[in-house]
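Letters A, B, ... are given to chains in the order of the sequence lines, protein chains preceding strands, and every chain is numbered from 1. No hydrogens, no waters, no symmetry mates; every other heavy atom, side chains included, goes into these values. The shown structure was predicted, so the numbers you read here are calculated from the model rather than taken from an experiment.
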Amino acid sequence: MPEGPSILILKELVQPFVGKKIIEVKGNSKIDLQRLKNQEIIEFKTWGKQFLICFKNLTVRIHLLMFGSYRINESKDVVPRLGLKFKKGELNFYNCSVRFIEEDLDTVYDWSADVLNPLWNAKKAEAKLKDKKNMLACDALLDQDIFAGVGNIIKNEVLYRVKIHPESIVSKIPIRQLRLLIKEAVVYSFEFLQWKKDFVLKKHWLAYNQKTCRRDNIPFNRANLGRTHRRSFYCNKCQKIYV
DNA sequence: CCGGTTGTTCAGCG
DNA sequence: GCGCTGAACAACCG
């Protein structure tokens, strides 16, 4: 159930397995998991919501999607999609998408599109947004080619912070406001990361799952908006619509 | 027990 | 052969 910051936390938690050899592999994934047996983990990477386990000439891509979960040095009472055993410890993933990536990661991933990556490039995001003439703001933030790692919570919080209505048309948003939106997508993602680590994420939500706008003290609107009909929480008064 | 969901992929359509 | 859309998938919480 993760957005980008949660995947970054996962990466931090599994650091003890870097350099360790996999002595046993199990799981109900349809791909040939036994390829991983006796392989040594070189490093873990993330790109947006994707978790990457890097081996020599091979990478495992894990996406937890909406319902995925993991356990470190423990297991659930069901067969994992992918379970890795080490001499000391284990790593289990459930209900996730597992794929092999054979290509060089630098050719597969544009690291500058990941809001949490040090290589994040706001100018490139701005250029991509200018290309998408009729896109709605709520769809833009969820577009992983532009804002890899941003999910529905971050989307709602960012739009509320920068006072932009989710159904605003990207090309109609003044450039000053658009740059603010881009900036806030990164700022909020890092705050999300810290709050999640401190187990205080929910209490900082100002829009997501909220009933009332704190700025105007009126009820939020709640609707499934945009191309993918994802739930949006927004205030008709303080969030300006650009159409 | 039902409704709802921190997400993506792909078939099928125009 | 595109771009777009909706269905399918899945487990857990309240």
Side-chain angles (χ1 to χ4, degrees), chain A residues 1-11 13 27-31 46-52 60-71 74-83 92-101 108-110 113-116 128 131-136 138-161 166-167 169-170 184-186 188-211 220-234:
Chain A
M1 324 166 248
E3 302 193 21
S6 303
I7 301 304
L8 209 51
I9 290 170
L10 166 60
K11 179 184 159 185
L13 292 174
N28 58 15
S29 168
K30 291 188 185 87
I31 65 172
T46 64
W47 184 83
K49 301 162 190 168
Q50 301 183 25
F51 180 64
L52 305 166
V60 174
R61 190 205 85 161
I62 293 181
H63 202 307
L64 297 176
L65 291 103
M66 202 90 105
F67 307 118
S69 61
Y70 61 84
R71 292 290 186 274
E74 52 184 68
S75 59
K76 304 213 297 187
D77 204 17
V78 291
V79 180
R81 184 82 79 237
L82 169 64
N92 296 301
F93 297 93
Y94 305 88
N95 306 301
C96 55
S97 155
V98 182
R99 290 188 189 179
F100 287 130
I101 299 175
V108 177
Y109 293 106
D110 174 7
D114 181 348
V115 294
L116 291 169
K128 288 176 200 167
D131 248 16
K132 312 259 185 180
K133 290 287 176 214
N134 299 318
M135 194 180 240
L136 301 183
C138 57
D139 286 329
L141 278 162
L142 292 176
D143 188 324
Q144 299 299 294
D145 291 330
I146 307 175
F147 296 105
V150 170
N152 204 36
I153 296 172
I154 297 175
K155 174 197 83 177
N156 278 294
E157 294 297 322
V158 168
L159 289 172
Y160 183 67
R161 279 189 172 189
E167 289 182 295
I169 297 167
V170 165
E184 203 55 40
V186 176
Y188 182 79
S189 291
F190 278 101
E191 290 182 12
F192 183 122
L193 174 64
Q194 191 57 51
W195 288 331
K196 178 100 182 168
K197 284 182 184 175
D198 298 338
F199 305 103
V200 293
L201 178 63
K202 287 187 187 186
K203 79 169 188 185
H204 287 278
W205 286 343
L206 295 179
Y208 184 76
N209 261 347
Q210 303 306 298
K211 291 188 164 53
F220 267 124
N221 286 312
R222 186 194 267 246
N224 296 77
L225 302 181
R227 197 178 57 81
T228 52
H229 310 128
R230 299 298 301 280
R231 180 154 283 192
S232 293
F233 300 83
Y234 56 100

A/V108 and A/W47, any side-chain heavy atoms less than 4.5 Å apart: no
Once you round it to whole Å, what is the distance between P of C/dA10 and CD1 of A/I62? 18 Å
Between C/dT5 (P) and A/N224 (CG): distance, integer Å: 15 Å
Which nucleotide sits closest to the side chain of A/F67: B/dT8, B/dT5, C/dC12? B/dT5
Round to the nearest Å and state the distance from A/R230 atom CZ to C/dG6 atom P. 15 Å
Please evaluate residues A/E3 and A/K196 with respect to the criterion salt bridge (charged side-chain N to carboxylate O under 4.0 Å, His left out), reporting the C-alpha separation (whole Å), side-chain torsions for both, the decisive distance (0.1 Å), and the verdict. CA-CA 11 Å; A/E3 302 193 21; A/K196 178 100 182 168; over 6 Å; no
Would you say A/N156's side chain and A/A207's backbone share a donor-acceptor pair under 3.5 angstrom? no
Those residues at least two apart in sequence (or on a different chain) that pass ring pair (Phe, Tyr, Trp, His ring centres under 6.0 Å) with A/H204 are A/W195
Just the table, please: protein N/O against nucleotides 9-14 of chain B N/O, every pair under 3.5 Å.
| residue | atom | partner | partner atom | Å |
| --- | --- | --- | --- | --- |
| B/dT9 | OP1 | A/R61 | NH1 | 3.4 |

On DNA chain C, does the nearest nucleotide to A/N95 precede the nearest nucleotide to A/K202 from the 5' side, or the other way round? Give the residue. A/N95
Counting side-chain heavy atoms from C-beta on, which of C/dA11, B/dG4, B/dG7 comes nearest to A/K76? C/dA11
Quick one: stems for DNA chain B, with Watson-Crick or G-U pairs under 3.5 Å, at least three in a row? B:2-5 with C:11-14, B:7-14 with C:2-9
Closest non-hydrogen contact found for A/L116 with A/P5 is CD1-N, 3.4 Å
Between A/H229 (NE2) and B/dT8 (P), how many Å, whole number? 17 Å
Under 4.0 Å between any heavy atoms, over every strand shown, what does A/K155 touch: base, sugar-phosphate, or nothing? Just pick one. nothing
Can a donor-acceptor pair be found, under 3.5 Å and without considering hydrogens, that links the side chain of A/N92 to the backbone of A/P80? no
Verify the neighbour count for atom NZ of A/K202: are there more than 12 heavy atoms of other residues, nucleotides or ligands below 6.0 Å? no
Taken to the nearest whole Å, CE/A/M66 to P/C/dA8 is 16 Å
Rounded to whole angstroms, how far apart are CZ on A/R81 and P on B/dG7? 18 Å
Scan side-chain atoms only and decide if A/S232 and A/K155 contain a donor-acceptor pair under the 3.5 Å cut-off. yes
Looking at A/F51, is A/K11 sitting on its ring face, NZ or CZ under 6.0 Å from the six-membered ring centre and within 45 degrees of the normal? no
Rounded to whole Å, CE of A/M135 lies from P of C/dT5 at a distance of 11 Å
Let me know the distance between CG of A/N28 and P of C/dC9, rounded to the nearest Å. 16 Å
